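No experiment lies behind these values; they were computed from the predicted model shown. We use all heavy atoms of the structure for the numbers below, so side chains are in, but hydrogens, waters and symmetry mates are not. Numbering of ligands and ligand atoms starts at 1, following listing order.
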Amino acid sequence: MNFAIINGKLVNRSEAKVDIEDRGYQFGDGVYEVIRVYNGKMFTVKEHLERFVKSADSIGITLPYSIDDCTALLEELVTKNNLVEGTIYMQITRGTAPRNHVFPAKDVVPTLVAYTKEVARPVESLTNGVKTIRTEDIRWLRCDIKSLNLLGNLLAKQKAAEQGCFEAIQYRGDQVTEGSSSNIFIVKNGVVITHESNHLILKGITKDVILQICSQNNISFEERSFTLAELAAADEVFLSSTTSEVMPIIEIDKDQVKEGLPGPITRKLQSLFTEEIEKQCGDLTEKISS
Ligand code: PDD
């Protein structure tokens, strides 16, 4: 049987249901997280749960469990579902109440849902890189909240998919912000550059691991916004996310990034990132070839 968690209880996945007046369903009034599982172990779970609490706090939802209780619950879910390689999706909404834009009374209980999915590492794309497009960032000004409202992101991702691309690189004015579901990095003259974590982007957990790796390995980096012109002139470009890790970008709007091959610093970060996964979750069987 496959299980899901609804409000602290493990239930049969096929029987896990929420009310049609759940505010997540009606308004997207909630926040979410995606956590990677390798070898049956959760990667950077503490960081994800801390961000979950922060996102929830910023919209006035209090997580009814401690981070430790939540971790134990998710561990149980992974074990029960025999998940070896995949993701945990979890979300919390403001609960079920008659539809009204105003928040419901304080005694309305938030709905917490979590379930797992088997997902293989995208080794082929990690090896060869992916194609992207650029598109205007039309989202709201609190992109630091991992909100269930993803319409802007979905429209951007769909546009990329329709052009046979993996990701859409979003920009405001002439400044690159982030991907539709990832953070974006450029490398210029040996320096790794990525947008600072403010209200215009999501503070990616993968991004933070990469920046930590940079500082521990004497790889220069700058956390600042960069322009479309800098993107076009970059030596290397890559994206990061929980499911995509350190993903080389080899094409932007049909223009090759340099020679259209993953660059040396991207490769180095991929290998150091793999080491970090292996430290937390044990050896990985499939390797990225370079
Ligand atoms: N997306 N920016 C956006 C808009 C994202 O949706 C994501 C992640 C990231 C990268 O964050 P992290 O490294 O913590 O995964 C940046 C997840 C995976 C998703 O929505 O499926």
Quiz item: At a 4.0 Å threshold, what atoms of ligand 1 neighbour a non-hydrogen atom of G204?
Solution: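 What qualifies from ligand 1 is 11 (O), 12 (P), 13 (O), 14 (O).
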Quiz prompt | Salt-bridge criterion met for E236 and K268 (N-O under 4.0 Å) | solution =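 No, this pair does not count.
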Can you find an N/O atom of [X] closer than 3.5 Å to an N/O atom of ligand 1?
{"X": "E178", "result": "yes"}
{"X": "I205", "result": "yes"}
{"X": "Y32", "result": "yes"}
{"X": "R139", "result": "no"}

Quiz item: Does E196 CD have over 12 foreign heavy atoms under 6.0 Å away?
Solution: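 Yes, CD of E196 has more than 12 neighbouring heavy atoms, counting only those of other groups under 6.0 Å.
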Quiz prompt | Flag if over 12 foreign heavy atoms under 6.0 Å of NZ, K80 | solution =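 Not buried by this count: 12 neighbours or fewer within 6.0 Å.
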Would [X] count as a contact residue for ligand 1, given that I'm defining contact as a non-hydrogen atom of the residue lying under 4.0 Å from a ligand atom?
{"X": "R51", "answer": "yes"}
{"X": "K146", "answer": "yes"}
{"X": "C143", "answer": "no"}

Quiz item: Looking only at non-hydrogen atoms, which of T87, D144, T206, I184 approaches atom 13 (O) of ligand 1 most closely?
Solution: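 Of the listed residues, T206 has the closest heavy atom.
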Quiz item: Out of S180, S244, S182, whose heavy atom is nearest to atom 9 (C) of ligand 1?
Solution: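 Result: the heavy atom closest to atom 9 (C) of ligand 1 is in S182.
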Quiz item: What is the closest protein heavy atom to atom 21 (O) of ligand 1, and at what distance does it sit?
Solution: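 The protein heavy atom lying closest is V34 CG2, 3.6 Å.
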Quiz item: atom 6 (O) of ligand 1: which protein heavy atom is closest, and how many Å away?
Solution: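 Nearest protein contact, heavy atoms only, for atom 6 (O) of ligand 1 is S181 CA, 3.4 Å.
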Self-check item: Flag side-chain contact, heavy atom, 4.5 Å: L269 against C214
Solution: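 Side chain of L269 against side chain of C214, heavy atoms only: contact under 4.5 Å found.
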